[in-house]
K.L.:
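Let me give you the structure first, and then I'll get to my questions.
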Amino acid sequence: MSERFHERFPDYDVLDKWDSPSWNDQTRAVVNRRLHQVPDRRFLSEAEWQILEAVCERLIPQPDRRDRPVPIVPFIDEKLFKNQGDGYRFEAMPPMRDAWRRGIAAIDDEARARWGGGFRELPANQQDAVLRAIQHNDTRSAAWQGLSAKRFFSNLLLREVVSVYYAHPAAWSEIGFGGPASPRGYVRLGFDRRDSWEAEERYAR
Amino acid sequence: MPASPRAKDGRAPDVFRPGGWIPMRCRRDEDEVDFAIVGTGAGGGTLACKLAEAGFSVVALDAGPYWRPLEDFASDEYEQRKLFWLGERITGGDDPVQLGDNNSGQSVGGSTVHFQMVSLRFRPDRFKARSRLGYAVDWPIEPEEMWRYYDLTEDALKIAGPVNYPWGPPRGRYPYRQHEMNAAGLILARGCEALGVKWAATPLATISAPRGKAHPCVYRGFCKFGCSTNAKQSALVTWIPWAIEAGAEIRDLAMVGRIEVGPHGKVTGLEYHREGQWRRQRAKNVVVAGYAIETPRLLLNSACPQFPDGLANGSGKVGKFFMVQSNHAVYGTFDEEIRWYKAPPSLAICEHWNYAETGKDFPGGYAFMSQGPLPIEWAGTITGQRGLWGMELRNEMAKYNHQAGLKIVGEVLPQEKNRVELAGETDEYGLRIPRVVFSYGEEDRKLYRHSIRFMSAALEAAGGRDIWSAEDTAHLGGTCRMGSSPNDSVTNADGRCWDIPNLWICDGSLFPTVAGVNPSLTIQALAWRIGDRIRELGRRGEL
Ligand SMILES: Cc1cc2nc3c(=O)[nH]c(=O)nc-3n(C[C@H](O)[C@H](O)[C@H](O)COP(=O)(O)OP(=O)(O)OC[C@H]3O[C@@H](n4cnc5c(N)ncnc54)[C@H](O)[C@@H]3O)c2cc1C
Ligand code: SF4
């Protein structure tokens, strides 16, 4: 698996539109909080937080942003602290907070069961192997008892991690998404048509 | 998020002016109002307006907040989750349905605040699926009558659509002109033309020209997360202000926990939670319009010694025949830039498989439409369906501007075993939470498999590469079906409960079948009809 991100929009930063008619005050307030008021740890233990950090580094590697990675764990912790669910849970899954606590512990235990070391201590390729096994319900640790590894991985962990990441302006910029668009929306809608306030692609495929 | 109610003390928010207010006539809890309505979405909002216009005193309560879109809605997927019903529900069965942002809202205006505005009619025969097409059940209403109410509703909402709609019996031109097509819609057009089926601009409830204080759609594409310009003709900016003007009262942040029954087996009012306390509103009639999960939940949670199995449940059908619509999709990569985040997501439609009777191996129908998911939703689709993560995911996501897709709204047939029931757990109000059980039937599977084959061919013919398919569900229906007999339905054709004559239902839970079209136009047309019927019954002294 390639570890390099193929940049398509090197000159585009959605934040350049901050003061333009594409952004309104309520959007600026929301994004400002996301950028500058990253929540502190309130729910997870220090150890759980660290394991989750290591997991996120594999799920969304950011080698191109070593010094300033998009923060993910703080927003998951905030969601858990506020106990803000998604509006449903699968039968036979424990309530959200419980599922996360047990899931994080089980990832670590799965790492030990497979490689004899905690998740954080493993090299990247072994970490990936642990995560892939969990994704495919091919687990060895007894810690998954009463918690579907696959459901935890797909419906809670991965879903939440990508939701947090793709809520960040840096992620909007890297995929060439127009970002916030109110009051000004778009005018040019057809094939290969671009408004001047949209991302210009430099490299395709 | 407003922490305390806005609609009170003689005024309600003016949705068209930041910080603005409009006068609203308020009732006291002890006043016995003619109608107390639970829920203010497509069904409840429309009915509140129609009943107030008919001169009834109306109080409509909603668990959600009363937004002013111009000041409250950010252009942000994460933030705008505040529009969805996020209370805990348990989902099970062979094909457990993803709930939350996938199908239900919690706002004054209900799910229409975040809906994607697709406004379609049932093919007339679908209302008589059993007698004309040989499957499922008939609606207890004549298709011609529903089509008359479609005319009225489309005009009230100024639906923007084509001059000539290519399927079904002739209908007038749409009140507002169709929207300009985006590239995502042109992909559908190319695919359909290549396969020899018709396509059209989707009739949409977002205005293509100014209307009153609302500006036309600016093609910002955040429709699913609330329209911050008021172009979208949601109940919040149409039926609700019209209802208030006609004398109705709206109560926001008011969660109804129980419907009360008097000694004679009729309802006497309801208990609701607002501003930290439980209160009681007295009413001559109660209407439940909480959508297909909350409506049966409330009826079941209102069980009392006279009705130990829940209200209106003599037939045992409350919560039964729960339906979704299949929402399968195909996606592909294109050489051209599509930039599908621009404009309402489903600008183009093909209803061929709702009308064709040959070339298919399933009884129901489906429509398919062009797509435009925003980044979080798109990432969720890629990870959920293909299991991608790591750098592979980031690189795949970077093709965002070159993707296009087609997605169905497919008919799922009613099955009694698919249901909403109460779980043992309770929510923060002490009310038992719902458990939703769903499994596809064989006919449902044939339908979506057919759609994947057809749409894959269309996408390929349109120039798509690396085509893959995804499964999903959308919309809810059934659970308090209307019918012609008290033995196998919960209400009659007027939404009036067979068991309790002053208890009514007016929302998507009434649907005996869901057809292959998005439901909200039909819910609103049905609510308008129920409003007219109640006015007529009142005139005749039969309420
Ligand atoms: C993302 C999305 C996109 C959609 N797009 C389309 C589309 O393009 N076209 C289309 O036709 N349909 C669409 N729909 C579906 C459509 O929005 C719904 O089918 C329709 O709004 C349902 O109407 P309703 O009146 O039954 O319920 P709703 O509109 O959901 O209204 C129910 C209201 O009742 C309130 N409520 C429930 N229980 C209680 C209680 N106990 N006390 C107080 N209040 C309560 C809720 O807060 C809610 O506001 C979409 C749905 C979603 C989720
Ligand atoms: S695209 Fe149009 S309808 Fe959708 S949110 Fe924007 S203005 Fe509203």
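Numbers restart at 1 for each chain; the letters A, B, ... are given by sequence-line order, proteins then strands.
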K.L.:
Determine, for A:Y186 and B:R339, whether the Lys NZ or Arg CZ falls below 6.0 Å from the six-membered ring centre while staying within 45 degrees of the axis.
P.N.:
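Geometry flag: not set, cation outside 6.0 Å or 45°.
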
K.L.:
Could you check whether A:R34 pairs with B:E79 (Lys NZ or Arg NE/NH1/NH2 to Asp/Glu carboxylate O, under 4.0 Å)?
P.N.:
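Here A:R34 does not pair with B:E79 in a salt bridge, since their nearest N and O are not under 4.0 Å apart.
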
K.L.:
Mind running side-chain contact (heavy atoms from CB on, under 4.5 Å) on B:Y341 and A:E198 for me, showing each step along the way?
P.N.:
CA-CA 11 Å; B:Y341 54 84; A:E198 293 186 78; 2.4 Å; yes

K.L.:
Closest heavy-atom contact between B:I376 and A:S163?
P.N.:
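For B:I376 versus A:S163, the nearest heavy atoms are CD1-O, 3.4 Å.
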
K.L.:
On a heavy-atom basis, which atom in B:K342 and which in A:R193 lie closest, and how many Å separate them?
P.N.:
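That would be NZ-O, 3.1 Å.
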
K.L.:
Give the ring-plane orientation class for B:F222 versus A:F177, where under 30° counts as parallel, over 60° as perpendicular and anything between as tilted.
P.N.:
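Rings of B:F222 and A:F177: tilted, 30 to 60°.
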
K.L.:
Using non-hydrogen atoms only, which part of A:P183 is less than 4.5 Å away from chain B: side chain, backbone, both, or neither?
P.N.:
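For A:P183, the contact with chain B is made by the backbone alone.
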
K.L.:
Under 4.5 Å from any heavy atom of chain B, what part of A:N24 do you find: side chain, backbone, both or neither?
P.N.:
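The side chain, not the backbone.
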
K.L.:
Sort A:L59 into side chain, backbone, both or neither according to what part of it lies under 4.5 angstrom from a heavy atom of chain B.
P.N.:
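For A:L59, the contact with chain B is made by backbone and side chain together.
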
K.L.:
Does any N or O in the side chain of A:Q26 come within less than 3.5 Å of the main-chain N or O of B:F73, such that one atom is a donor and the other an acceptor?
P.N.:
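A pair under 3.5 Å: yes.
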
K.L.:
I'd like to know if the side chain of A:Q135 and the backbone of B:G387 have a donor-acceptor N/O pair within less than 3.5 Å.
P.N.:
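Flag set: sc A:Q135 to bb B:G387 pair under 3.5 Å.
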
K.L.:
If you compare all heavy atoms of B:E336 against all heavy atoms of A:F191, which two are closest, and at what distance to 0.1 Å?
P.N.:
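Taking B:E336 first and A:F191 second, the nearest heavy atoms are CB-CD2, 3.9 Å.
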
K.L.:
So does A:D64 pair up with B:R394, basic N to acidic O under 4.0 Å?
P.N.:
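Yes, charged N to carboxylate O under 4.0 Å.
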
K.L.:
Report which part of A:D25 has an atom under 4.5 Å of a heavy atom belonging to chain B: side chain, backbone, both, or neither.
P.N.:
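For A:D25, there is no contact with chain B at all, as no heavy atom is under 4.5 Å.
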
K.L.:
Please rank B:I187, B:I433, B:D76 by heavy-atom pairs under 4.5 Å with chain A and give me the top one.
P.N.:
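Highest number of heavy-atom pairs under 4.5 Å: B:D76.
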
K.L.:
Which atoms form the tightest heavy-atom contact between B:L99 and A:G87, and what is the distance?
P.N.:
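So the minimum-distance heavy-atom pair works out to CB-O, 4.2 Å.
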
K.L.:
Donor-acceptor pair, B:N395 side chain versus A:H6 backbone, under 3.5 Å?
P.N.:
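Yes.
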
K.L.:
Where does A:V161 contact chain B at under 4.5 Å (heavy atoms): side chain, backbone, both or neither?
P.N.:
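Contact with chain B involves no heavy atom of A:V161 at all.
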
K.L.:
Checking heavy atoms, do the side chain of B:N102, its backbone, both or neither come under 4.5 Å from chain A?
P.N.:
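No part of it gets close to chain A.
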
K.L.:
Is A:Q62 close to chain B through its backbone or its side chain, or both, or neither, when contacts mean heavy atoms under 4.5 Å?
P.N.:
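Answer is both: backbone and side chain atoms of A:Q62 are under 4.5 Å from chain B.
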
K.L.:
Taking A:T27 for the side chain and B:S75 for the main chain, is one N or O donor matched with an acceptor at less than 3.5 Å?
P.N.:
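The answer is yes, because a donor-acceptor pair under 3.5 Å joins these two groups.
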
K.L.:
Between A:W23 and chain B, which part of the residue has a heavy atom less than 4.5 Å away: side chain, backbone, both or neither?
P.N.:
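Answer is neither: A:W23 stays 4.5 Å or more from chain B.
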
K.L.:
With only heavy atoms counted, which part of A:K79 is less than 4.5 Å from chain B, the side chain, the backbone, both or neither?
P.N.:
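Answer is side chain: those atoms of A:K79 sit under 4.5 Å from chain B.
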
K.L.:
Using non-hydrogen atoms only, which part of B:M397 is less than 4.5 Å away from chain A: side chain, backbone, both, or neither?
P.N.:
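For B:M397, the contact with chain A is made by backbone and side chain together.
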
K.L.:
Tell me the closest heavy-atom pair linking A:D86 and B:L86, and the distance in Å.
P.N.:
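Scanning both residues, the minimum pair turns out to be O-CD2, 3.5 Å.
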
K.L.:
Apply side-chain contact (heavy atoms from CB on, under 4.5 Å) to residues A:Y88 and B:V436 and explain how you reach the verdict.
P.N.:
CA-CA 10 Å; A:Y88 63 98; B:V436 179; over 6 Å; no

